[in-house]
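Atoms within each ligand, like the ligands themselves, are counted from 1 in listed order. These values consider heavy atoms only, across backbone and side chains, with no hydrogens, waters or symmetry-generated copies. Along the sequence shown, residues carry numbers from 1.
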Amino acid sequence: MEVATEQKRTSVPVLPWMRNPVDNSLYEECPLNFLPFLDPRLEAALCNMGISSLFPVQVAVWQETIGPGSFERDLCINSPTGSGKTLAYALPIVQTLSTRAIKCLRALVVLPTRDLAVQVKEVFASLASAVGLSVGLAVGQSSIADEISELIKKPTLEAGICFDSEDFLLGLRSSVDILVATPGRLMDHIYNTKGFTLDHLCYLVVDETDRLLREAYQSWLPTVLQLAHTPNQSLYPDASNILSPTFGSLKTIRTFGVERGFKAKPYPRLMKMVLSATLTQDPSKLAQLDLHHPLFLTTGPRRYQLPEQLKSLKVICEPKFKPLYLLVLLETLLGEKCIVFTSSVESTHRLCTLLNFFGDRQIKIKEYSRLQRQTIRSKTLRAFRSGEIQVLVSSDAMTRGMDVEGVKNVINYDMPAYIKTYIHRAGRTARAGQTGRCFTLLLKDEVKRFKKILQKADNNSCPVYSIPSESIESLRSLYTTALEKLKDSIESEKHGKRRISTKLSKKKEKSA
Ligand SMILES: Nc1ncnc2c1ncn2[C@@H]1O[C@H](COP(=O)(O)OP(=O)(O)OP(=O)(O)O)[C@@H](O)[C@H]1O
């Protein structure tokens, strides 16, 4: 009874506009030829992408942006992992911008990681090229100079004509209509790139909103909102201090109009779309987004929802031999792509190293962590996508939103501490209506806590997946050797690090 009251209390949103949401699950999948107003060029592009109908969340967003009943208001979208949120925002944005006459930056999509931004840029690029729009990427994947030359077009200098520097600056133009960015690189361009402006922004998408709102990244959100806001309506009075006076010219000159449905009320030109599979309902967090008549779109009556085709399973382990349970499980799943989650980058590294010390076992296992260089990570991800690697060992930070075709299994080596973590980890499988399994390795004393976590997503069914004890026994001697090798390897890594830091401090001393 107490649990039920508690659940009810936490599931009723505080903000009034969140209490009567549009339910995405009431929409049916819609074949492209039935979608109202869809540009035939985009229909062809979608067919080329292998898409013949839109998923419910995509139909719902289309309805609220392009379809009859569209309305100038911000959208907050809460929809399960793998339900197709990227296309839900990319398609209406590209369709709306397809009629633009002059190229300038009109849509900005912000994501928390580079890999995710690259993934989303590809979706936009497949659509945008069909209607003559350009998409840029600002993630720090290439040098800032290379990025600037991709994003900003310089005026062509005719022979014999000499521009003064002010005219030259005025002649700088955006080379892209849509920009997909991570907050850090976005801020670099805002502050340092000549000709980079948010003056013409019509769309701001904040994907993985709850994650992005948690991290301040040099106050990127107030800065972007300030630059895309009318000068006499300061949202964040303090943000004017953040923006140096030299950026005064970057401030937006807003065009106001009278909004349909809101008599005599002006509407801002910028439309925001914020999305997540675990969208926050915390008023103070949402307030940071300065939403305009927000409309809440969610899927089903529950706050947290797992993909329909996901099966959750638990594996009860003896603490001493937990890595062996994982190894046996991976061997049982041989030939299927798996992602193994640990609780930290350090344990990701240790676990992956240990698994690879078990000798030649037919499974190709690689680490994927933010401690690695981007080039290594990208290479690993490519190999995982192509199937050359079957198992990726990762910590949470890197995998939100990651979409890799054919991931059949997710394994929580360490139990997730929160339902949100479980949802985002498990959501790497069972995407786009496919089936998938999420195994969680548990010690006996974790079982109760895990059950409570799953109940937050109304999941009361998590059967035990048994690992035969003989399989564990048969690996014990190899385990001892692997552990010794792991110890040596960690020692030599420590020495290596120490040597590098001594070299660096000697260099510093010399140059001082
Ligand atoms: N209408 C569609 N028909 C077929 N496949 C689709 C459709 N829309 C999206 N997909 C595919 O579904 C997968 C999941 O889409 P997407 O990455 O946008 O999900 P998501 O809701 O953003 O998930 P997450 O919350 O994990 O980021 C992708 O592989 C995408 O290509």
List the atom pairs, with distances to 0.1 Å, where a side-chain N or O of residues 122-135 and a protein N or O form a donor-acceptor pair under 3.5 Å, not counting sequence neighbours.
{"unit_1": "S126", "atom_1": "OG", "unit_2": "E122", "atom_2": "O", "d": "2.8"}
{"unit_1": "S129", "atom_1": "OG", "unit_2": "A125", "atom_2": "O", "d": "3.1"}
{"unit_1": "S134", "atom_1": "OG", "unit_2": "K103", "atom_2": "NZ", "d": "2.6"}

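- Counting heavy atoms from C-beta on, the side chains of L279 and E208 never come closer than 4.5 Å.
- Among residue pairs with one or both ends in residues 446-467, those qualifying as ring-ring contact (aromatic ring centres under 6.0 Å, His included) are Y422-F450, F439-Y465; sequence neighbours excluded.
- Under a cut-off of 6.0 angstrom, the local environment of NZ in K337 is crowded, with over 12 non-hydrogen atoms contributed by other residues, nucleotides or ligands.
- Using a 4.0 Å heavy-atom criterion, the residues that approach ligand 1 are I51, S53, L54, F55, Q58, P80, T81, G82, S83, G84, K85, T86, L87, E208, G401, D403, R428, R431, A432.
- For C104, the side chain to side chain contact (heavy atoms under 4.5 Å, CB included) partners at least two apart in sequence or on another chain are R106, H200.
- Under 4.0 Å is where a charged nitrogen must lie from a carboxylate oxygen, and between K322 and D414 at least one such pair does.
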